[in-house]
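Model, not experiment: these values are computed from the prediction. One is the number of the first residue; the rest follow in order along the sequence.
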Amino acid sequence: MFNQKGFLINEQKSSSNSSSIVEPQTTSKIKEKLGIGRDFFQATMESVHEGVIVTDLNGIIHYSNPAAHKLLNTQQKDCTHQAIDEVLILKTNESLPIELVNINKETLEAKQQVAFIEHEDGNKSTIEWSRTFITNKNAERLGLVFTINDITTAYHLTNQLKHQASHDSLTGLLNRGEFSRRLSNCLSATQEANIRHSLIFIDLDQFKIVNDTCGHQGGDQLLRQLSSILSPLVRGRDTLARLGGDEFAILLEACPKEAALKVANDVLSTIQKFRFTCDHKTFNIGASMGIAHFSSGLQSESDPLTVADAACYKAKEEGRNCIIEMDISNVQQQPGIPQHQMQWLNKLNTALDTDQFILYQQRIAPTNPGSNQSLHYEVLLRIKDNERLISPGAFLPPAERYGLIHRIDHWVIKNTLAWLSEHPEVLAKTKLCSINLSGLSLSDEDLSHYVTRYLKQYAIDCKKICFEITESSAIQNLSLAFEFIHNMHELGCSFSLDDFGTGMSSFSYLKQLPVNHLKIDGSFIRHIESDPIDLAMTRSINEIGHVMGMSTIAEFVENEEIFQLLRQLGVDYAQGYHIAKPAPLDELLDHLT
């Protein structure tokens, strides 16, 4: 217990547990360590929200604060002089007990660890806990202090957000981003280069008929039912994902060709037997399927998903409802693979390796310009192919499909910041430089580190950099989007939500996304002067954006009439051919005077 000065005293002795009682000389050491009075100590410990438990070196409790009692559902008198392992029973996620007292360790890291407490009523709390030695100035160990903090709500919310980021909201299966991550991990396992794997690409054959007949709700119900039927057909270690639309994929790790073909045949047979009923109509559903066989540590320009997709395409050409197999090691020699499926992969890899990408920009203008002539522009991308330029609408979809979009986004970020560093006169006059990020890049946990490194390397004022993300990509990777936006906001960067208004849940998600600028999708702007619905939508989006403290930007401003109408509505900025056409980044040098 504590004396009037607030220090531990040895009130009782026990021959059976004498080593657990703090001796007078130890008490003086703790007194020397704490150096505070009882009232101050008591008030401090009662005011903190974290549970605090102080023990001697054998784990016998000498003090516990009210926050600890509340979390453990105990009284202070029930804890004092008890062993901490009898009071604070922590378990791992696998329900294994955690040893709390081990003074033989040279050091105890005072880092936060996650553990679980199982209560008598059957409920389970999630806590963060830490422990460290109490020492004096001579580094002599006097006891142990434990801190515990209830994070049950935050833990469940984090897990929920992680689940949403990696799973398809409609079917509950893994989504394309998580599938790509697992495939990448499988490919990078070079230490198991002799292990064979297979990837099955599935495209439903009659989905469009169901959608057209029963509407999107009927199509959604079909996808949910089919997903629940397919899930039991794959092994626990395998990955079944919905890639989007009516496309699915299965990653079979450490699976011989014969076993993979059996799984594919079982899946195809199950789909063929499935009957979907909607509005008193019954539909037969088939599928075209492609299989890519490959090894870990793959040394090939061909991606397994690309090859499986190409094999599926060939299955459709051969009459549908069948399976085509391809071995990635000799895919180039196999007949019947549509060349246009493979050309983009080689073209994009070559463009990245030989710097065939060219940075463009399109200026953005305020609808009420003042004397300030600072530059506001969006960075765009082109590929130079001989004497012609390839627009992003042609190469970004295959880049996302074939898993190259991360490299392209990284290239754009690095080269944009490098160009600004090389042209400080443009950087000085820049108000905002917007850089687009794909949804798949948002799922890259290392993106924050990459961006931070180059912002520092090129000494760029972060307040001048804005990242553009689409609402669909942000929603698909909500937890990672939150984390990336938070990290960039800490540096001073801003964010713009692109193509706003085209998603199904735009306004509800807008309240959750901490963005600074709202880009009204061009589909509402292009005919705003003649379509009253487009006008009403634009007015509504603009007003909501302003209420939430965001600036608004209208895309596809193609004439003066639209520009003046946007000014009347109070839209802040305009972007489109009426303001400026896309031009090479170097042409910003012409706007310095």
Side-chain angles (χ1 to χ4, degrees), residues 163-184 199-212 215-231 234 239-251 267 271 276 285-292 303-313 315-316 320 341 344-345 392-406 408-409 437-444 469-478 480-481 498-499 502-506 509:
H163 184 274
Q164 291 175 352
S166 60
H167 287 73
D168 174 49
S169 60
L170 177 65
T171 64
L173 300 178
L174 295 177
N175 59 24
R176 189 185 191 99
E178 179 63 17
F179 185 84
S180 297
R181 187 187 70 80
R182 295 192 182 190
L183 175 58
S184 178
L199 191 156
I200 305 173
F201 191 99
I202 307 166
D203 192 331
L204 303 183
D205 287 334
Q206 304 298 327
F207 181 71
K208 188 176 186 303
I209 295 176
V210 175
N211 246 357
D212 293 344
H216 290 293
Q217 289 185 342
D220 289 349
Q221 185 61 28
L222 163 62
L223 294 174
R224 280 193 290 264
Q225 290 183 17
L226 198 57
S227 298
S228 64
I229 293 173
L230 296 181
S231 294
V234 300
T239 300
L240 170 63
R242 181 190 175 210
L243 303 183
D246 61 344
E247 296 177 342
F248 297 82
I250 304 174
L251 177 60
V267 169
I271 295 174
F276 176 68
I285 307 298
S288 299
M289 299 171 60
I291 307 178
D303 170 65
L305 186 59
T306 304
V307 175
D309 188 6
C312 180
Y313 187 91
K316 284 185 176 293
R320 302 174 182 266
Q341 292 282 321
W344 271 118
L345 184 63
F395 63 79
L396 288 184
E400 291 187 345
R401 190 180 191 91
Y402 302 148
L404 291 175
I405 195 64
H406 300 84
I408 292 176
D409 279 354
L437 292 176
S438 73
L440 291 178
S441 288
L442 282 178
S443 66
D444 181 2
I469 58 177
T470 63
E471 60 169 316
S472 58
S473 65
I475 292 169
Q476 182 181 357
N477 306 282
L478 197 56
L480 290 173
D498 199 8
D499 299 336
T502 57
M504 297 297 293
S505 306
S506 297
Y509 279 105

> Does Phe395 have any ring pair (Phe, Tyr, Trp, His ring centres under 6.0 Å) partners at least two apart in sequence or in another chain, and if so, which?
Replying inline: Phe357
>> What's the separation between atom SG in Cys312 and atom CZ in Arg320, rounded to the nearest 0.5 Å?
In response: 9.0 Å
> How many angstroms lie between atom CG of Leu396 and atom CD1 of Ile408, to the nearest 0.5 angstrom?
Replying inline: 6.0 Å
> Quick one: side chain to side chain contact (heavy atoms under 4.5 Å, CB included) partners of Ser169, sequence neighbours excluded?
Replying inline: none
> Hey, which of Asp168, Leu240, Thr239, Ile250 is the one that makes side-chain contact (heavy atoms from CB on, under 4.5 Å) with Phe179?
Replying inline: Thr239
> Hey, what do you get for CZ (Arg181) to CG (Asn175), rounding to the nearest 0.5 Å?
Replying inline: 10.5 Å
> Do side-chain atoms of Ser227 reach the backbone of Leu223 as a donor and acceptor pair under 3.5 angstrom?
Replying inline: yes
>> Using the rule given for side-chain contact (heavy atoms from CB on, under 4.5 Å), can you reason through Leu230 versus Ile271, listing the C-alpha separation, both sets of side-chain angles and the distance that settles it, and then say yes or no?
In response: CA-CA 8 Å; Leu230 296 181; Ile271 295 174; 4.0 Å; yes
>> Restricting to non-hydrogen atoms, name the atom on Gly290 and the atom on Ala311 that form the minimum distance, rounded to 0.1 Å.
In response: CA-CB, 3.7 Å
> Run the side-chain contact (heavy atoms from CB on, under 4.5 Å) check on Leu173 and Phe248 step by step: do they pass?
Replying inline: CA-CA 10 Å; Leu173 300 178; Phe248 297 82; 3.8 Å; yes
> Which is it for Val210 and Ile285 under the side-chain contact (heavy atoms from CB on, under 4.5 Å) test, yes or no, and what are the steps along the way?
Replying inline: CA-CA 9 Å; Val210 175; Ile285 307 298; 4.0 Å; yes
> Hey, what do you get for NE2 (His406) to CG (Leu442), rounding to the nearest 0.5 Å?
Replying inline: 9.0 Å
> By side chain to side chain contact (heavy atoms under 4.5 Å, CB included), which residues pair with Gln221, not counting sequence neighbours?
Replying inline: Arg224, Gln225, Phe276
> Would you call Lys316 and Asp205 a salt bridge, taking side-chain N to carboxylate O under 4.0 Å as the test?
Replying inline: yes
> Of the non-hydrogen atoms in Ala315 and Ser288, which two are nearest, and what is the gap between them?
Replying inline: CB-CB, 4.1 Å
> From Leu404 CG over to Ser438 OG, what is the distance, rounded to the nearest 0.5 angstrom?
Replying inline: 11.0 Å
> When rounded to the nearest 0.5 angstrom, what distance separates CD1 in Ile469 from CG in Leu437?
Replying inline: 8.0 Å
